[in-house]
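Okay, structure first, notes after.
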Amino acid sequence: MTVLAPLVITAGEPAGIGPDLCLQLAGHDQPLVVIADKSLLLHRAALLGTGVRLHDYAADRPLENGKLSVLHVPLHRPAQAGKLDSANSPYVLETLRRAVQGCLSGEFSGMVTAPVHKGIINDAGIPFTGHTEFLAEQTHTPLVVMMLVGRGMRGRHGDAQHSVREPAQRITDTALAASSENEFVMRVALATTHLPLREVADAITAPLLENVLRIMQRDLQRRFGIARPRILVAGLNPHAGESGHLGREEIDVMIPVLDKLRAEGFNVSPPLPADTLFAAHRLRDCDAVLTMYHDQGLPVLKHASFGGGVNITLGLPIIRTSVDHGTALELAGTGKAEVGSLLEAIKVAMEMVRNERT
Ligand SMILES: NC(=O)c1ccc[n+]([C@@H]2O[C@H](COP(=O)([O-])OP(=O)(O)OC[C@H]3O[C@@H](n4cnc5c(N)ncnc54)[C@H](O)[C@@H]3O)[C@@H](O)[C@H]2O)c1
Ligand SMILES: N[C@H](C(=O)O)[C@H](O)COP(=O)(O)O
């Protein structure tokens, strides 16, 4: 059996809950390496009152069971839980660059990211819209696709039901699979990512839509093992434009692209009204939904599975997953941050690594 390289976890914003969550990975049954400042982890462990044994990571030394393997990247200034400091924004990006470099070289099999704070990175004078765009730039990838995966619950009448925060124990051994008859997996991808709403309509062009769907098709096949993904596509406008009476993007841009891809063998729907697209009877028979913008798709996914969802970047030459939540500054150092989404992100990354190799 081939031994897989470890996954690398970036600890994210040092004032946020990322370091708290990473501390909970000591003793994890998968080989993991955390990239963070060592003293930050030790200080946070002391604040939380948890003992942790750190191991200094070196590529040529084996990881040690029961210890948290840490690849040290120094902070620029000591970090305080809950208090943002733009002096440490370059540190955050250094941890990401190191992870990318390790994934590209094969030192790591994939990367899992704890949350960063986009605002403070910009306050440091560094334009930054998100990991997704940053990783595309770092790997020279012209287009990537953000896709979140989570679980929905069927209600009595077969409708999606609120399943609140999923504790880590609830997550099944196999990631990306429903754990009971009442659960279904939701994969929600976005045609545009961190874009102001005002700019969305102009960004939905035929080449963009076509390329996004090609990336989804390819990655759902090679990294998720779905031979012919069934993709439901949300219209941009209310009621998918109501035959052109409520907007023409569906007719002018979307339908021609979807027809073209269908003729090539893609299993893609026509533009569907987004308000009913997420009803359980529709989701039951699909592998992924493509929505047109961030807050068309993500609120639905997060309503169903916040705290247990996973954010995945499709189209990269490396494997990257992430938590579904942000830095939760107010919880840093309190012991109240839940680790479920990070554990699930690790499982999904492992499964993607395995799928890609089979
Ligand atoms: N993957 C990422 O890097 C990522 C993802 C989402 C948001 N963000 C960034 O995080 C910052 C804060 O964003 P926000 O306030 O909108 O969202 P948030 O997810 O940080 O917080 C939303 C709510 O969820 C709670 N929460 C979040 N994570 C939790 C956890 N693990 N356990 C328990 N409760 C948790 C918070 O206390 C808060 O009530 C922003 O800069 C945003 O851009 C980063
Ligand atoms: N859009 C993501 C979410 O709402 O969960 C989040 O902002 C993180 O995005 P990046 O992975 O690009 O940082």
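Ligands are counted one by one from 1 in listed order, and the atoms in each one are counted from 1 as well. Side chains are part of it too, since the values below use all heavy atoms of this structure and drop only hydrogens, waters and symmetry mates.
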- Query: So with a 6.0 Å cut-off around NZ of K336, is the heavy-atom count from everything else above 12?
  - Reply: no

- Message: Measuring from atom 4 (C) of ligand 1, which candidate in E13, H325, H117, K302 has the nearest non-hydrogen atom?
- Response: H325

- A student comparing L342, T10, T327 should find that the heavy atom closest to atom 11 (C) of ligand 1 comes from T327

If you count the atoms of ligand 1 from 1 in the order shown, which ones are under 4.0 Å from a heavy atom of [X]?
X: K118; result: 8 (N), 9 (C), 41 (O), 42 (C), 43 (O), 44 (C)
X: A337; result: 32 (N)
X: H131; result: 3 (O)
X: L331; result: 33 (C), 34 (N), 35 (C), 37 (O)

- Query: Side chains of E133 and T193: donor-acceptor distance under 3.5 Å anywhere?
  - Reply: yes

- Give a yes-or-no answer on whether the side chains of H117 and T327 include a donor-acceptor pair shorter than 3.5 Å. no

- Message: Against M111, only a single residue in T313, T321, V33, V100 fulfils side chain to side chain contact (heavy atoms under 4.5 Å, CB included); can you say which?
- Response: V100

- Report the residue from L220, D287, V268 that forms a side chain to side chain contact (heavy atoms under 4.5 Å, CB included) with R230. D287

- Task: Please lay out, stage by stage, how K38 and H43 fare under the test side chain to side chain contact (heavy atoms under 4.5 Å, CB included).
- Result: CA-CA 9 Å; K38 267 175 69 179; H43 279 123; over 6 Å; no

- Query: Any N/O of A114 closer than 3.5 Å to an N/O of ligand 1?
  - Reply: no

- Query: Would you say ligand 1 has an N or O under 3.5 Å from any N or O of F306?
  - Reply: no

- Message: The criterion is ring-ring contact (aromatic ring centres under 6.0 Å, His included); which residues satisfy it with F134, sequence neighbours excluded?
- Response: F128

Listed pairs under 3.5 Å, donor-acceptor, residues 8-20 side chains, sequence neighbours left out:
| unit_1 | atom_1 | unit_2 | atom_2 | d |
| --- | --- | --- | --- | --- |
| E13 | OE2 | A15 | N | 2.9 |
| D20 | OD1 | R44 | NH1 | 2.6 |
| D20 | OD2 | G333 | N | 2.6 |

Region of [X] that comes within reach of ligand 1 [heavy atoms, distance under 4.0 Å]:
X: E330; value: side chain
X: S322; value: side chain
X: N311; value: neither

- Query: Applying a strict 4.0 Å limit to heavy atoms, is I17 in contact with ligand 1?
  - Reply: yes

- Item | Residues L23, L48; criterion side chain to side chain contact (heavy atoms under 4.5 Å, CB included); working and verdict | CA-CA 10 Å; L23 287 167; L48 292 166; 4.0 Å; yes

Dump the pairs for me: ligand 2 N or O, protein N or O, distance under 3.5 Å, to 0.1 Å.
| unit_1 | atom_1 | unit_2 | atom_2 | d |
| --- | --- | --- | --- | --- |
| ligand 2 | 1 (N) | H194 | NE2 | 3.0 |
| ligand 2 | 1 (N) | H294 | NE2 | 2.8 |
| ligand 2 | 4 (O) | H294 | NE2 | 3.4 |
| ligand 2 | 4 (O) | K302 | NZ | 2.8 |
| ligand 2 | 5 (O) | K302 | NZ | 2.8 |
| ligand 2 | 7 (O) | K118 | NZ | 2.8 |
| ligand 2 | 7 (O) | H194 | NE2 | 3.0 |
| ligand 2 | 11 (O) | N311 | ND2 | 3.0 |
| ligand 2 | 11 (O) | R320 | NH1 | 3.0 |
| ligand 2 | 11 (O) | R320 | NH2 | 2.9 |
| ligand 2 | 12 (O) | H131 | N | 3.1 |
| ligand 2 | 12 (O) | T132 | N | 2.9 |
| ligand 2 | 12 (O) | T132 | OG1 | 2.5 |
| ligand 2 | 13 (O) | H131 | N | 2.8 |
| ligand 2 | 13 (O) | H131 | ND1 | 2.8 |

- Would you kindly confirm whether L277 and I255 end up in one hydrophobic cluster when ILVMFWY residues are joined by side chain heavy atoms under 4.5 Å apart? no

- Item | Cluster link M147 to L316, ILVMFWY, side chain under 4.5 Å | no

Solution key, residues 195-206 side-chain donor-acceptor pairs under 3.5 Å, sequence neighbours excluded:
| unit_1 | atom_1 | unit_2 | atom_2 | d |
| --- | --- | --- | --- | --- |
| T205 | OG1 | L208 | N | 3.3 |

